[in-house]
Every structure is written in structure tokens, then in C-alpha cells.
Enquirer: 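Can you read through this structure? Questions will come right after.
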Amino acid sequence: MEVRRRSIAAAKPVHSKTIEEEETHAQLPLPLYIINALFFTLFFTVVYYLLSRWREKIRNSTPLHVVTLSEMVAIVAFVASCIYLLGFFGIDFVQSILRPSADVWASEDLEEEDSHVIIKDDSRNLPCGQALDCSHVMTLPQPQPQPQPLPSLIIDHDPNTLTFTTEEDEEMIKSVVDGTTPSYSLESKLGDCRRAAAIRREALQRSTGKSLHGLPLEGFDYGSILGQCCEMPVGYVQIPVGIAGPLLLDGREYSVPMATTEGCLVASANRGCKAIHLSGGATSVLLKDGMTRAPVVRFGSAKRAAELKLFLENPVNFDPLSMVFNKSSRFARLQAIKCAIAGKNLYLRFTCSTGDAMGMNMVSKGVQNVLDFLQAEFPDMDVIGISGNFCSDKKPAAVNWIEGRGKSVVCEAIIKGDVVRKVLKTNVDALVELNMLKNLTGSAMAGALGGFNAHASNIVTAVYIATGQDPAQNVESSHCITMMEAINDGKDLHVSVTMPSIEVGTVGGGTQLASQSACLNLLGVKGANKESPGANSRLLATIVAGSVLAGELSLMSALAAGQLVKSHMKYNRSSKDVTKASS
Ligand code: ADP
């Protein structure tokens with residue numbers, strides 16, 4: 001009974017049984033089946049008692065409405081147990097009769113709610129800043145499990161509870177628990193990624209004695225991550241995606257998806273978008289586009305290492321080397337080799353364009369080709385590692401800040417004075433002063449490396465997660481210097497972000513997964529650009545920079561209005577009419 005009830009409950013639309021209700025069950029002091037047994041016992045006991053009392057009254061000709069205290073208690077117990085049992089079993093029973101299939105119901109309902117949301121989206125007038133009005137709380141549809149046929153394993157539609165019905169599944173779980181079957185081999189052994197994930201998950205729960213309640217299993221295509229995105233899956237983490245925008249950038253509007261659990265972040269970026277939009281939009285320039293990989297090689301002497309450096313940096317050798325390198329992919333085009341020497345060790349930083357891919361795999365393959373080729377000229381070269389950290393991937397490094405990695409973008413906007421006052425609730429002078437003291441001087445005092453900004457990494461990471469980028473690359477992708485200057489006789493604000501190492505792609509990695517690909521689609525940069533390979537990833541990089549510009553404007557304004565303006569007043573420097581701004 002419990003299994004039946006749970007499977008229907010999980011397939012139901014959100015407004016019947018909710019996750020909260022499931023959580024409440026999880027928090028009961030006693031297991032569910034014991035509570036059910038107690039209520040059943042109570043129900044039958046009081047029914048028996050009341051019927052026998054009724055029979056006795058008829059025999060003795062006692063009026064039925066005359067009730068004793070014990071009969072009153074029995075009636076209350078009867079009503080309570082009825083309410084519990086009807087609530088627990090009755091609603092599902094009625095719904096199971098009325099609905100042809102719980103799954104069909106759920107998916108129809110979802111479609112309805114989805115289209116509702118789309119209509120709401122499309123009916124926006126102008127646009128930005130409205131998310132700041134927190135009084136409009138929208139109820140969004142909860143993710144629903146996708147119905148998928150399972151041959152032998154019956155997975156409850158409650159994403160946290162599995163029921164294994166076949167001997168085969170049970171045997172497999174036991175063999176994973178006792179170590180006979182390696183957990184990593186489940187996909188290849190079973191040939192069914194979802195079933196493999198379900199068995200691994202159950203085995204994990206049994207062997208650790210810890211519940212994975214709350215980590216959903218259902219509603220994810222495990223086949224899509226096999227061999228490229230994640231090994232040994234047991235579920236997936238849900239991260240909400242908010243929309244900031246429209247961001248008016250280079251004459252086009254973009255609704256920017258941001259996956260985050262940080263409250264106010266999307267609203268803040270949205271406010272920045274509004275300020276940019278009302279001021280005529282932002283402009284971006286892509287300065288460089290090249291992914292890097294730097295192997296480390298060792299020689300018997302520093303002299304030999306220097307010889308290779310001179311060989312690689314000699315322009316005469318560039319063409320033959322690039323021919324070897326470019327064989328790695330039709331999209332890989334070697335741009336430069338920059339070498340750094342440390343004693344007998346040489347670091348070779350290869351830079352190449354990679355089309356619409358972020359490019360790490362592509363550039364690594366090209367580097368391997370060149371190393372194999374060089375081995376003939378330099379047989380004493382010892383390749384220590386294909387990555388020698390002079391690349392430099394996922395670590396703060398001056399080389400990326402100075403030389404760039406991935407896409408180097410500068411993005412600017414002129415924000416009108418009245419927009420600064422009305423939308424950003426501050427004034428130009430306060431912003432310029434805060435930028436100088438915080439983003440420039442403060443970061444210099446902190447010895448920052450590429451961190452001359454207020455919160456570029458907030459925006460970068462949220463957009464990266466939503467669009468399937470490698471979130472670990474937020475380290476160097478968030479390198480950013482934010483500049484602010486009063487222009488037009490101090491009336492307006494010129495703001496810019498310069499970001500030398502935005503590492504993004506629209507093919508490969510996590511970009512092909514359903515959710516991430518939907519977000520790329522929203523931005524109009526999904527997949528490979530057929531006419532001009534690389535155009536999609538370059539556009540995405542400019543959108544990232546534009547979104548950072550919006551985020552910088554908004555947070556800096558909040559700080560200026562909240563703290564700096566107050567301190568202006570405190571120190572009696574209110575000649576700039578900061579009182580208005582602080583309001
Ligand atoms: P990364 O190098 O970012 O890790 P992958 O190597 O995983 O990316 O993915 C790039 C793959 O996509 C390559 O096999 C490449 O041939 C293919 N591809 C198809 N179209 C494009 C394109 N427009 N730009 C770059 N790669 C493309």
C-alpha cells in the first residue's frame with residue numbers, strides 16, 4: 001500500500017502533495033508503517049466498541065443520543081482515525097480512479113504550467129528592474145519526474161525512494177555492497193545508465209547507512225553524461241535558474257540565465273541591466289580568442305632548454321609547428337608559443353583558437369602532436385607533464401591576467417546621471433570614489449591578482465553553471481578590472497569591465513546537456529556556429545562581460561548608497577547633495 005501511494009504522490013502535480021509533505025513524513029517520530037498500524041488498530045477498536053455499545057442500547061431501550069464519557073472519547077477517536085486514514089489512502093484512491101495515468105497527468109500539468117510561465121515571460125513590457133520588486137512572488141512549477149519505462153527495476157516516482165522488485169536487481173545491489181561488483185562498472189555491465197545509477201545509489205545508502213533523501217534520481221538523462229560529464233552518478237543537484245535582463249549589448253537584447261542559490265544576485269544583475277538599458281546599452285570588444293596549454297619539459301642542461309626555447313620562438317619554425325599542431329582538429333589553429341625557462345626546465349605555452357569549444361581537449365591534443373614532433377629534433381627532451389601550470393588552468397595566475405586565456409573582452413557603457421540617481425539610487429561621484437577606493441586601491445592593498453572588481457565571480461559562476469561551462473574556470477574567468485569615471489562635466493558615468501581570460505564554449509563538456517543547452521539556446525548561442533565557427537562562443541564571452549558590467553554597477557551602487565553616502569554625511573562632505581542619493 002505504501003509503495004502504491006508514494007508512486008502516485010510523486011507523479012502528482014505540485015499542488016496536491018508537495019515536497020514539504022514528503023519532508024514532513026520523513027520527520028515523523030515513528031516509521032510510517034507503525035503509525036498506519038496504530039491508526040488501523042484504533043479505528044477497528046473504536047468501531048467494535050461503538051457498535052457493541054449501540055447494540056446494548058437498543059436491547060435496553062436506551063436513547064442512542066445519550067452518550068457516556070467513554071463513548072464520547074471513542075467517537076473522537078473514530079473521527080480522528082477516519083480523517084487520518086482517508087487523508088492517507090482516500091485521496092490517492094479517488095485520484096487513481098479519476099486519472100487514466102498518474103504520469104500522463106503529471107506531464108500534462110507540467111506542460112500547462114510551463115506554457116503559463118512562457119506567456120508570463122513574453123508579456124513583459126520593459127523589463128528590467130522589476131525583479132527587484134519582491135512583492136510579486138511567483139509560484140513556479142516544481143520539477144516533475146519524466147516517465148521512463150524500466151524493464152526490471154521499479155523505481156518509485158518519489159525521487160528519493162526506490163523499490164527493487166527483481167531478484168536480479170537485489171543481487172546486483174548486494175554484490176556492489178560486498179565489493180564483488182565494482183560500482184564504476186555498473187553502466188557497462190547493465191547497459192542501462194539509469195538503472196546503474198539507481199542500483200549504485202541504493203548500494204551506497206545501504207553500505208553507508210546514510211539516506212540520500214533530497215537528492216533526486218528521477219528526471220535526469222544519465223545516458224547523456226556517460227563518458228563525458230560525470231562518473232558513478234547517484235542523482236543530481238538542483239540549482240535554481242533566474243533570468244536577468246534584458247541586457248542590451250551591442251544593439252541586441254539578451255535574457256541572461258543565472259544558476260545560483262545566492263539571494264539577491266539575479267535581482268541585482270537585473271537592476272544593472274535596467275540601468276544599462278535605460279542609458280542606451282553597453283558595447284563590447286573581443287580583443288583575443290585563444291586557449292592555452294603549457295607542458296613542462298626537462299633537459300640535461302639549461303643550455304639545451306634554452307636551445308628549444310629559441311627554436312620554438314623563431315618565426316621561421318612557426319609554420320611547420322602550426323601544421324603539426326592543427327592536425328588535432330579542424331577548429332584548432334595555433335596562434336603563438338611563449339616559453340618560460342626555469343633552470344633546465346622549459347614551459348611551453350601554446351595558444352590556439354578552438355572554434356566554439358572552450359578548447360582544453362583540443363589544445364591538449366595539438367600540444368601532444370607538437371611534443372611528438374619535437375622529440376625527433378630534441379631526443380634528449382624529457383616530457384614531464386602535458387600541463388606544467390604555466391597554462392594556467394583553474395588557478396589564479398598573473399600569466400592569464402597579463403597575456404589572456406580564452407576570450408579577452410572589454411565591455412563599456414555610459415550610464416546617464418539621472419539613471420544613476422533613479423535606478424541605482426546613488427550618484428556619479430559616489431560611485432567613482434567608491435570604485436577608486438575599493439576596486440582599485442583596496443584590491444591593491446590586498447595584493448589582488450585580477451581581482452579589481454566588486455563581484456565579477458558571482459556573475460561569471462552563475463552564468464557558467466547555467467550554460468554548462470566548467471565552473472572551476474571561474475578562477476581566471478573572473479579576472480576583471482572595473483573602471484568608473486565621471487564624464488560629460490561630471491553628469492554621467494563611464495563604466496567598463498576588462499576581462500582578459502573568459503573561458504567559455506558552446507560545444508563540448510556540459511554544454512550539450514539538456515538544461516544547459518536550453519540556457520544557451522535562450523541566449524541564441526547553442527552549439528556550433530556553422531557559418532562562422534567560434535562566433536557563438538565569442539558572443540557568449542561578450543554576454544558574460546556585459547552581465548558582469550551589470551552586476552558591478554548594481555552592487556557598487558548598493559554599497560555607495562548604503563555605506564559610502566552615509567559616511568559622506570558623517571564626515572560632513574555633503575556638498576555633493578548625497579542626501580538625495582541615500583534616500
Ligand atoms: P573542449 O576542447 O572544450 O574540451 P571538446 O574537445 O570536448 O571541447 O569538444 C569539441 C568537439 O566539438 C571537437 O570534437 C570538435 O571537432 C567538435 N566541434 C564541432 N563543431 C565545432 C565548432 N564550431 N567549434 C569547435 N569544435 C567543434
Side-chain angles (χ1 to χ4, degrees), residues 221 223-231 286 288-295 322-337 348-372 385-395 400 404-409 460-461 463-478 499-517 519-521 523-544:
D221 176 8
S224 69
I225 56 170
L226 183 68
Q228 42 187 345
C229 290
C230 180
E231 298 76 38
L286 190 127
K288 262 191 202 173
D289 178 11
M291 182 41 70
T292 64
R293 178 55 94 200
S322 67
M323 269 173 61
V324 173
F325 185 100
N326 296 348
K327 275 191 219 149
S328 68
S329 162
R330 66 202 150 112
F331 300 100
R333 292 293 168 265
L334 185 65
Q335 295 173 346
I337 308 171
L348 297 59
R349 193 172 190 261
F350 291 81
T351 308
C352 81
S353 56
T354 57
D356 287 308
M358 179 274 287
M360 286 302 302
N361 286 331
M362 212 177 271
V363 65
S364 299
K365 283 182 212 158
V367 166
Q368 190 59 58
N369 290 350
V370 173
L371 289 176
D372 295 344
I386 185 123
S387 169
N389 274 10
F390 188 50
C391 317
S392 180
D393 194 39
K394 302 173 184 174
K395 288 154 295 263
N400 294 335
R405 186 170 200 251
K407 277 82 174 152
S408 305
V409 181
V460 168
T461 310
V463 177
Y464 272 31
I465 295 174
T467 57
Q469 310 306 313
D470 187 337
Q473 288 183 323
N474 83 83
V475 176
E476 59 270 33
S477 295
S478 302
M499 303 179 69
S501 41
I502 300 178
E503 296 152 340
V504 287
T506 58
V507 296
T511 62
Q512 37 88 32
L513 299 178
S515 321
Q516 290 84 339
S517 156
C519 291
L520 288 169
N521 191 42
L523 292 171
V525 294
K526 180 180 162 183
N529 189 307
K530 298 279 184 298
E531 291 85 47
S532 168
N536 281 357
S537 63
R538 287 195 287 270
L539 178 55
L540 180 58
T542 62
I543 294 170
V544 169

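These numbers were taken from a predicted model, which means no experiment stands behind them. Just follow the structure's listing: the first ligand is 1, and inside any ligand the first atom is 1.
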Enquirer: So does E231 have more than 12 non-hydrogen atoms from other groups sitting under 6.0 Å from CD?
Expert: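 Atom CD in E231 is not crowded, with 12 or fewer foreign heavy atoms closer than 6.0 Å.
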
Enquirer: Give the residue, atom name and distance (to 0.1 Å) of the protein heavy atom nearest atom 13 (C) of ligand 1.
Expert: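 Looking only at protein heavy atoms, the one closest to atom 13 (C) of ligand 1 is M362 CE, 4.2 Å.
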
Enquirer: By number and element, which atoms of ligand 1 are closer than 4.0 Å to a non-hydrogen atom of A528?
Expert: 20 (N), 21 (C), 22 (C), 23 (N)

Enquirer: Can you list the atoms of ligand 1 that are under 4.0 Å from a heavy atom of M358?
Expert: 3 (O)

Enquirer: So does G505 get a backbone contact from the side chain of Q469, meaning a donor-acceptor N/O pair under 3.5 Å?
Expert: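 Side chain of Q469 to backbone of G505, a donor-acceptor pair under 3.5 Å: yes, one is there.
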
Enquirer: Could you check whether atom 26 (N) of ligand 1 has a protein contact, counting only heavy atoms that fall below 4.0 angstrom?
Expert: yes

Enquirer: Begin with the C-alpha distance, continue with both residues' side-chain angles, and end with the deciding distance and a verdict on side chain to side chain donor-acceptor pair (under 3.5 Å) for R333 and S322.
Expert: CA-CA 7 Å; R333 292 293 168 265; S322 67; over 6 Å; no

Enquirer: Return the residue, atom name and 0.1 Å-rounded distance of the protein heavy atom closest to atom 9 (O) of ligand 1.
Expert: G508 CA, 3.8 Å

Enquirer: Verify, without hydrogens or angle tests, whether D372 (side chain) and N369 (backbone) share a donor-acceptor contact under 3.5 angstrom.
Expert: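 Side chain of D372 to backbone of N369: no pair is present.
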
Enquirer: Looking only at protein heavy atoms, which one is nearest to atom 8 (O) of ligand 1, and what is the separation?
Expert: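 Residue, atom and distance for the closest contact: A357 CB, 3.7 Å.
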
Enquirer: Under a heavy-atom criterion of less than 4.0 Å, does G359 contact ligand 1?
Expert: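 In this structure, G359 qualifies as a contact of ligand 1 - some heavy atom is under 4.0 Å.
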
Enquirer: Out of V507, T354, D356, N361, who gets a non-hydrogen atom closest to atom 4 (O) of ligand 1?
Expert: N361

Enquirer: Checking E476 against D393 for the side-chain contact (heavy atoms from CB on, under 4.5 Å) test, could you report, in this order, the C-alpha distance in whole Å, the side-chain angles of both residues, the deciding distance, and whether it holds?
Expert: CA-CA 8 Å; E476 59 270 33; D393 194 39; 3.5 Å; yes

Enquirer: To the nearest 0.1 Å, how far is atom 19 (C) of ligand 1 from its closest protein heavy atom, and which atom is that?
Expert: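 Going by distance alone, atom 19 (C) of ligand 1 is nearest to F331 CE1, 3.7 Å.
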
Enquirer: With sequence neighbours left out, what residues match K288 under salt bridge (charged side-chain N to carboxylate O under 4.0 Å, His left out)?
Expert: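 Partners of K288 under the salt bridge (charged side-chain N to carboxylate O under 4.0 Å, His left out) test: none.
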
Enquirer: Would you please test K407 and S537 for side-chain contact (heavy atoms from CB on, under 4.5 Å) and show each step?
Expert: CA-CA 9 Å; K407 277 82 174 152; S537 63; 3.3 Å; yes

